[in-house]
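Shown next, in C-alpha cells, is the structure this report addresses.
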Amino acid sequence: MGTQTTHLDIMGMSCANCSGTVQDALESLEGVAEASVNYATDEGSVTYDPEAVSLAEIYDAIDEAGYSAVSETVTVGISDMSCANCAQANATALEETPGVIEADVNYATDEAQVTYNPAESSREDFYDAIEEAGYDPVREQGGEEEGARDAARSAEIRHQRRLTLFGAALSLPFALFMLDRFLLGGSVFPEAILGVEIGWVEFLLATPVQIVLGRQFYRNSYKAIVTNGQANMDVLIALGSSTAYVYSIASLTGLIAGGLYFDTAAFILVFITLGNYLEARSKGQASDALRKLLEMEAETATIIAGDGTEREVPLEEVEVGDLMKVRPGERIPTDGVVVDGQSAVDESMVTGESVPVEKSEGDEVVGSTINENGALTVQATKVGADTALQQIVQTVKEAQSRQPEIQNLADRISAYFVPAVIANALLWGTVWFLFPEALAGFVDSLPLWGLVAGGPGIAGGGVSVFEFAVVVFASAVLIACPCALGLATPAATMVGTAIGARNGVLFKGGDVLERAKDVDTVVFDKTGTLTEGEMELTDVIALDAVDDAVADGGALTARERPDEDELLRLAAIAESASEHPLAQAIVEGARERGIDVGDPEAFENIPGQGIRATVDGREVLVGNRKLLRENGIDPSPAAETMERLENEGKTAMLVAYEGELAGVVADADTVKPSAKAAVSALRERDIDVMMITGDNERTARAVAEQVGIDPENVRAEVLPEDKSDAVEAIQDEGRQAMMVGDGVNDAPALAVAYVGTALGSGTDVAIEAADVTLMRDDPMDVLKAIRVSDATLQKIKQNLLWALGYNTMMIPLASLGLLQPVLAAAAMAFSSVSVLTNSLLFRAYTPDRDYRLLGRLRR
C-alpha cells in the first residue's frame, strides 16, 4: 500500500516545547516515517505506513502526550445488510478509507458510527466506501439524518412485505399440490392443467419467485464473494434455493432421473423473505425508544420579546439567552433556568422518576419535560444538539454502536461460520452419495424420526442416492443461521441501553454495559454524591484573647482576637472569591446574619488546604490544619473544638488573622435520603462500598457511619490530584472499582476507574470523563446501572446460547438427512426472528429489581 500522509489539527499546545513533545511522540511510533508539528498554526502532518501503524494509534499517541487531535463522529445508515459478516465488510471498507480513525457497524441498527479526521475525510467519502463494498448508504435528506434513516427503514419494511406477499401468492398453489399429494392421494389435481403438465406448471410458478425474491440474495451473494471476498448468509440461501431449482429443471427436462423440488425452491425464498420482513419490523421496534424520545421534543416555543410581547417560533429559532413562556401542560422547549414563576415539572422522560419536581426561580429545567400546573418564564441555556434530550439520544446511539467484548466471540464464529457450513454440506452430501447404505443403517439405529423420503432408494427409500445427497446438501446449507449469532449481542445491547436511558442511566458504550456487572467495589465521592452538596454554615467559634509579650518595659499587654461577628466577616470576605461549596456556605451564612460581605484585596486558592486572602490590608487564612502549619501557625489551641465539630459530621475550618489562630467556622452537609439504602443494597450484592473525600478523617468517618460504610473503607484528606492515585491503589488490590463522583476534581478518578460514574447534576468535565452518567442525583441509581448491566449480559448470553444451540443441534440433523430443505429454510428464517423477539421481550424490564431469567431471581 505504501506510505500516506495525514494532516491533523492539534489542540492544547501552548509553546514550541509542546509541539516538540507531540512530534517526538509521533516519531517514536513504529511505522511513522516523518512527523512535523507546528505550534504557530496548531497543525501537524504525519507520513506513515498504514500496514504498520493505524491512524487510531497516531491519535492515541497524541492523547498520551497530553494533547488532542481534532476528530469528529458521524452516524451513517446502511441498507442491504443481512448478517454480521455484512457489518464486518462495511466496517473494513470504512476503516480503509483515508482519515477514518475507527468504524463500528451495527447489524441490529443498520448503522455505522465513524470517527474520523475532518481535515482528511467527509461523509461523502463514507458513502462511497459503503457503495464500493456493495451496500447502499442512507444519504441525508436536507440535513435530516435521522429522518432519512427512518424513511429507509420504513421503505425496507414495505419492500420486504411486498416481496413476501408476491412470493406467498405464487407459492399458495404449491401448498395445495402438497396437500393433495400427501393427504388426498393426488385425487384433486390432474397430471396436466389446461394441457400443461403439472411439472411445467410448477416451473412457471417457481421461476418468478426465483427471479423476484431470489434476486436480492443472488445480488448480495455476488457482492459478498466477488467484492468483499467473504461468504455471508445470502450465500447459504442462494445455494440452497438454486440447488433445489436447478435440480428440478434438470429432472423436468430429463437430464437426470429424480423428483421435482420447485415447491422447495419457492418456499425457501418465501420463508426467508418473510423472516427478513419480520426482522426489519423487529429492528424498528427495538429502536422505538430513541424515536419516541425524539418525538417528545416541543415543536415550537413562545418567546418573550424585550417589550414584553410574546410570539410563537419554531424550536430551531430559539437561541441561548431567549426568554420563553411555558404554560401549564406545555413541554419546556429547551434546557434553561427559571427566571419567574413556580410549578411542578414532570421529568420522568429524563430521570425515570414519576414524581414531578417543584421548580421556582433559579432552578434548572430540562427541555422536553412537561410543565404541570403553573406558568414559568424560562431563559434558554442550551439549544439544538446541546440539550439534555439530544445528548441522551446521542449517548445511547453511541452506546449501541460500541459492542461488548462478548460480541468478539460471535464475530470470530461468524467469520468462519458460512465457509464451514458450506464445507460441511459438501462433505455430507458426498458421504451420503458414496456410502448410502452404511449411513442409512446408522441413522435408522438412532432414536430419531425417519430419513427424508425414507432415505436413498438403495437403502429402501423412495429417492435416488444422488437426489438424496442433493437434499442433504440443501438442508445442511439452509438450516445454518449466522444472522442469529450476529443479532444476539447488538439486539440485547440496543434494548439494554434504551432501558438504562428510560431510567436515567446512560451508558457510553456496550463495552461499558458489559463491564458494570463485574464491579466488586463501589467508591463514592462524599460531597454532592452521598451528601446533598449544599453546605450550610452551622458554627462560628472565636478563640479567647491571647497575651503577647510586647517590648514595653517588660510588661504584658493583651491583643484581642476578633469576636464571632468579626471572625465571620473576615472569613466570608476571604472566601467570597472562591466557588467551593464550603466557601459559598460561609458567605451565605454571613449575609443571612446581616454582615456586609465585600471583596478581598487579594486571593489565592491552595488546593487541598484552603485559601489565603488579604482583607483590610491584613492576611487571612481559612482552611485545614495543614494550611496553618505550613504558614507557621500552631492549630493545637483549637484541637478540642475541631474534634468535637468533626465528630458531629461537620466540616470545620480554621481561621487565622495576622499570623495568629483566630477561631473556627464549620459547615454541615446533609446525607442524601437514599444514600444509606444504596450502600445497604450494594453490600447485599457482596459489593464492597468505599468513600473517598478531601474532607478530614473525623468528618468523613461520621458521614460513613450514617450511610453504613465501614470505617476502614474510608479514604479521607485526599487531595484532588491524588484521587485518581487512590482509585488506582484500590484497583491494584485486584478490585474492579466503580468510582462515583460529580466534581471537576473527580474527573481523573472517573477516568482511571474500571467504571467511572458521574451524577448528571455534576460538571460537564466529570460527565465527559465518566463511562456512565446518572441523570438523577440518587445514589440508588448506581444499583440500577449494575442491574441493567447484569440483566443485559444475561439476555446476551441467553441469545447466544439459543443461536449456538440452534446451529449445534440443527446442522447435524440436516447432515444426517432428517430435515426437508423447506423446513430447514423456515427454521433458518425464524431463528433470527426469535433472537430479536427474545430481546424485545426484555423491554418490559425495570431495574427496580434484579432481572428474572428462566424463573430464577438473582439477589
Side-chain angles (χ1 to χ4, degrees), residues 82-85 231-233 235-237 239-241 243-244 264 267-268 271-272 274-275 278-279 406-407 409-432 439-453 455 468-489 491-492 794-839 841 853-855:
S82 61
C83 64
N85 287 355
N232 61 13
M233 189 190 78
V235 174
L236 300 182
I237 298 167
L239 270 177
S241 178
T243 297
T264 298
F267 280 131
I268 286 171
F271 282 134
I272 297 296
L274 174 61
L278 296 175
E279 185 178 308
I406 197 171
Q407 176 66 18
L409 169 65
D411 288 343
R412 285 195 297 271
I413 293 173
S414 296
Y416 300 102
F417 188 83
V418 175
V421 166
I422 295 172
N424 175 77
L426 286 170
L427 170 67
W428 283 96
T430 303
V431 170
W432 272 107
L439 269 180
F442 169 73
V443 174
D444 284 339
S445 67
L446 298 176
L448 297 169
W449 55 91
L451 292 166
V452 174
F468 190 79
V470 170
V471 168
V472 169
F473 172 81
S475 298
V477 162
L478 288 168
I479 197 64
C481 189
C483 54
L485 276 173
L487 284 168
T489 298
Q794 287 187 60
K795 182 60 68 173
I796 288 174
K797 290 176 181 178
Q798 188 183 44
N799 283 346
L800 285 173
L801 181 64
W802 160 249
L804 288 169
Y806 162 84
N807 284 291
T808 301
M809 178 178 67
M810 302 301 281
I811 291 176
L813 291 177
S815 302
L816 292 174
L818 295 167
L819 290 177
Q820 282 277 6
V822 66
L823 296 178
M828 178 191 198
F830 287 97
S831 62
S832 58
V833 174
S834 65
V835 166
L836 278 169
T837 302
N838 187 44
S839 298
L841 292 174
L853 179 63
L854 301 179

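Scope of the values below: all heavy atoms of this structure, side chains included, with no hydrogens, waters or symmetry mates.
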Would you say that L448 contacts V443 through its side chain, given a criterion of any heavy-atom pair below 4.5 Å between the two side chains?
no

With rounding to the nearest 0.5 Å, note down the distance linking CG in L478 to CD1 in I272.
7.0 Å

Side chain to side chain donor-acceptor pair (under 3.5 Å): which pairs involve residues 478-488, sequence neighbours left out?
none

Can you list the residues that meet the side-chain hydrogen bond (donor to acceptor under 3.5 Å, both in side chains) rule with S839, with sequence neighbours excluded?
N799

For L823, give me all partners under side-chain contact (heavy atoms from CB on, under 4.5 Å), at least two apart in sequence or on another chain.
Q820

T430 versus L426, closest heavy-atom pair with distance
OG1-O, 2.7 Å

Please list, chain by chain and in numerical order, all residues satisfying side-chain contact (heavy atoms from CB on, under 4.5 Å) with A476, sequence neighbours excluded.
N424, A425, A814, S815

Would you mind reporting whether T243 and V477 have side-chain heavy atoms less than 4.5 Å apart?
no

Considering residues at least two apart in sequence or located in another chain, which fulfil the side-chain contact (heavy atoms from CB on, under 4.5 Å) criterion with V418?
N85, A231, L236, I422, P482

Evaluate the side chain to side chain donor-acceptor pair (under 3.5 Å) criterion for residues Q794 and K797: first the C-alpha distance (whole Å), next the side-chain angles of each, then the deciding distance (0.1 Å), finally the verdict.
CA-CA 5 Å; Q794 287 187 60; K797 290 176 181 178; over 6 Å; no

Looking at side-chain heavy atoms only, is the closest gap between V471 and W432 below 4.5 Å?
no

Applying side-chain contact (heavy atoms from CB on, under 4.5 Å), can you list everything that pairs with L801, at least two apart in sequence or on another chain?
none

Under the side-chain hydrogen bond (donor to acceptor under 3.5 Å, both in side chains) rule, collect the residues that match up with S475, sequence neighbours excluded.
none

Could you list the donor-acceptor pairs under 3.5 angstrom formed by side chains in residues 802-811, with sequence neighbours left out?
residue : atom : partner : partner atom : Å
W802    : NE1  : S834    : OG           : 2.8
Y806    : OH   : I479    : O            : 2.6
Y806    : OH   : A827    : O            : 3.4
Y806    : OH   : M828    : N            : 3.2
N807    : OD1  : C481    : N            : 2.8
N807    : ND2  : C481    : O            : 3.4
N807    : ND2  : A803    : O            : 2.8
T808    : OG1  : L804    : O            : 2.6

Closest heavy-atom pair and its distance - P821, I268
O-CG1, 4.2 Å

Is a donor on one side and an acceptor on the other found under 3.5 Å between the side chain of W449 and the backbone of L818?
yes

To the nearest 0.5 Å, tell me how far L816 CG sits from L451 CG.
8.5 Å

